[in-house]
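Chain naming here is simple, since letters A, B, ... match the order of the sequence lines and numbering starts at 1 in each. Atoms considered below: every heavy atom in the structure, side chains included; atoms not considered: hydrogens, waters and symmetry mates.
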Amino acid sequence: MPVDENGGRPPAASTPLARDFFDRLAHEVAPDLLGRVLVHGPVALRITEVEAYGVPGEDPASHTYRGRTPRNAVMFGPPGHLYVYFTYGMHFCANLTCLPEGVGSGVLLRAGEVISGAETALARRSAGSGRPVREADLARGPARLAVALGLAREHNGLDACGPGSLSVTEGEPAKAASILSGPRTGVSSGKETPWRFWIDGDPTVSPHRPHVPRRR
DNA sequence: CTAGAGATGGACT
DNA sequence: GTCCATCTCTAGG
């Protein structure tokens, strides 16, 4: 039995966008990002793995589950913006908002293949850490991706579609036949939803790790 | 290869 | 106080 997931109180009231509706949107919008190219300064990467995070009261794993806060405000904003959050006391992870303003959702950028600016990405990933970084590992995992791309706190809210330092380009969208889906990585709830999408066989896709509760 | 634990800060109960 | 949408290193098979 899981511990009470909501502090003894019911989740925030559902929006009109019910779980099944979000589910349909997630299965269109999130995988559509696969194969597209994200450019930030000198580094460009081809997105190979994403996860959808859903709406208040419907997705217990989402930062928006309990409603809007200063931290998750960007997820309630218009689509095409970056939601960058700080976690585990040392990592940043980046999401793109993809659904209409007010919905409260995002797509976590979990992994990518660096296709230009590899030297910059390598320098960033190697900084402070000893061992050599394999090319396929440059952006393999959400926190690594953020480092490789040079994304941090100051990029929260950045417009990824307008004139800015970040942009999502068409790239070559992954063919549907090469896209697989499954449970999300490292989440302690909402395990049943197959909202992780990745390009089958791509070496830059991160290994799936189930959530492990902290001890002591 | 797998399993376990430390790092480290902030959002939230 | 507790829990992280993680990463890296170490020990062991």
Side-chain angles (χ1 to χ4, degrees), chain A residues 1-12 22 26 29-31 33 47-76 82-99 104-112 121-122 124-134 136-149 151-156 181-198 203-216:
Chain A
M1 275 300 269
V3 179
D4 186 344
E5 287 173 353
N6 203 32
R9 290 176 309 176
F22 175 78
V29 167
L33 246 20
I47 300 169
T48 58
E49 180 188 357
V50 297
E51 282 175 2
Y53 284 88
V55 296
E58 298 291 344
D59 180 7
S62 175
H63 288 178
T64 63
Y65 181 54
R66 295 167 198 283
R68 181 175 180 145
T69 67
R71 178 213 204 185
N72 66 24
V74 173
M75 292 181 80
F76 289 84
L82 208 58
Y83 167 54
V84 180
Y85 69 92
F86 182 64
T87 191
Y88 290 105
M90 64 195 86
H91 297 304
F92 292 97
C93 297
N95 297 241
L96 274 175
T97 56
C98 295
L99 298 184
S105 70
V107 177
L108 174 68
L109 304 171
R110 282 202 59 90
L122 182 62
R124 288 169 173 163
R125 288 271 290 110
S126 302
S129 199
R131 296 226 287 269
V133 178
R134 292 188 313 146
D137 290 339
L138 284 175
R140 188 174 184 238
R144 292 164 165 185
L145 181 151
V147 169
L149 222 38
L151 298 174
R153 202 186 309 277
E154 65 268 28
H155 302 289
N156 187 41
S181 66
R184 293 171 295 185
T185 297
V187 302
S188 58
S189 52
K191 297 186 187 68
E192 70 284 357
T193 51
W195 287 341
R196 172 177 178 246
F197 302 91
W198 66 95
T204 67
V205 172
S206 69
H208 180 70
R209 302 192 217 289
H211 178 76
V212 287
R214 293 252 104 42
R215 281 164 291 92
R216 286 257 54 202

J.: Answer with yes or no whether A:His63 presents, from its side chain, a donor or acceptor under 3.5 Å of a partner atom in the base of B:dA11.
T.: no
J.: Going by the side chain to side chain donor-acceptor pair (under 3.5 Å) test, name the single residue among A:His208, A:Arg140, A:Arg110 that passes it with A:Glu49.
T.: A:Arg110
J.: Identify every side-chain donor-acceptor pair in residues 86-94 of chain A under 3.5 Å, counting partners at least two apart or on other chains, and give the distances.
T.:
none

J.: Looking at A:Pro183, is its backbone amide N or carbonyl O close enough to the side chain of A:Arg196 to form a donor-acceptor pair, meaning the two atoms are under 3.5 Å apart?
T.: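 Side chain of A:Arg196 to backbone of A:Pro183, a donor-acceptor pair under 3.5 Å: no, none is there.
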J.: Can you tell me if A:Arg125 uses its side chain to pair, donor with acceptor, with the backbone of A:Leu138 under 3.5 Å?
T.: yes
J.: Spell out protein contact along nucleotides 6-13 of chain C as letters: B when the base is contacted, S when just the sugar-phosphate is, - when no protein heavy atom is under 4.0 Å; keep the 5' to 3' order.
T.: BSSS----
J.: Rounding to a whole Å, what distance do you find between A:Phe86:CZ and B:dA7:C1'?
T.: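 Rounded to the whole Å, the gap is 11 Å.
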J.: Do you know the tightest heavy-atom contact between A:Val74 and A:Leu82?
T.: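 Smallest interatomic distance, heavy atoms only, reads CG1-O, 3.4 Å.
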J.: What integer number of Å spans the P atoms of C:dT2 and B:dG6?
T.: 16 Å
J.: Under a 3.5 Å cut-off on both pairing distances, which runs of 3 or more consecutive Watson-Crick or G-U pairs involve DNA chain C?
T.: B:1-7 with C:6-12, B:9-12 with C:1-4
J.: Judged by atom type as modelled, is there a donor-acceptor pair below 3.5 Å linking the side chain of A:Ser126 to the main-chain atoms of A:Pro132?
T.: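 No: the side chain of A:Ser126 does not pair with the backbone of A:Pro132.
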J.: Within the pair A:His211 and C:dA5, is there a side-chain N or O less than 4.0 Å away from OP1 or OP2?
T.: no
J.: Is there aromatic stacking of A:Tyr53 against C:dA5, centre distance under 5.5 Å, plane angle under 30°?
T.: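 So yes, this residue stacks on that base, both cut-offs being met.
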J.: Nearest whole angstrom, please: distance from the P of C:dC4 to the CZ of A:Arg71.
T.: 11 Å
J.: Main chain of A:Gly141, side chain of A:Ser206: is a donor-acceptor contact present, judged purely on distance under 3.5 Å?
T.: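 Not confirmed, A:Ser206 side chain does not pair with A:Gly141 backbone.
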J.: Looking at A:Arg184 and A:Asp59, is there a salt bridge between them, counting it only when a charged N and a carboxylate O are closer than 4.0 Å?
T.: yes
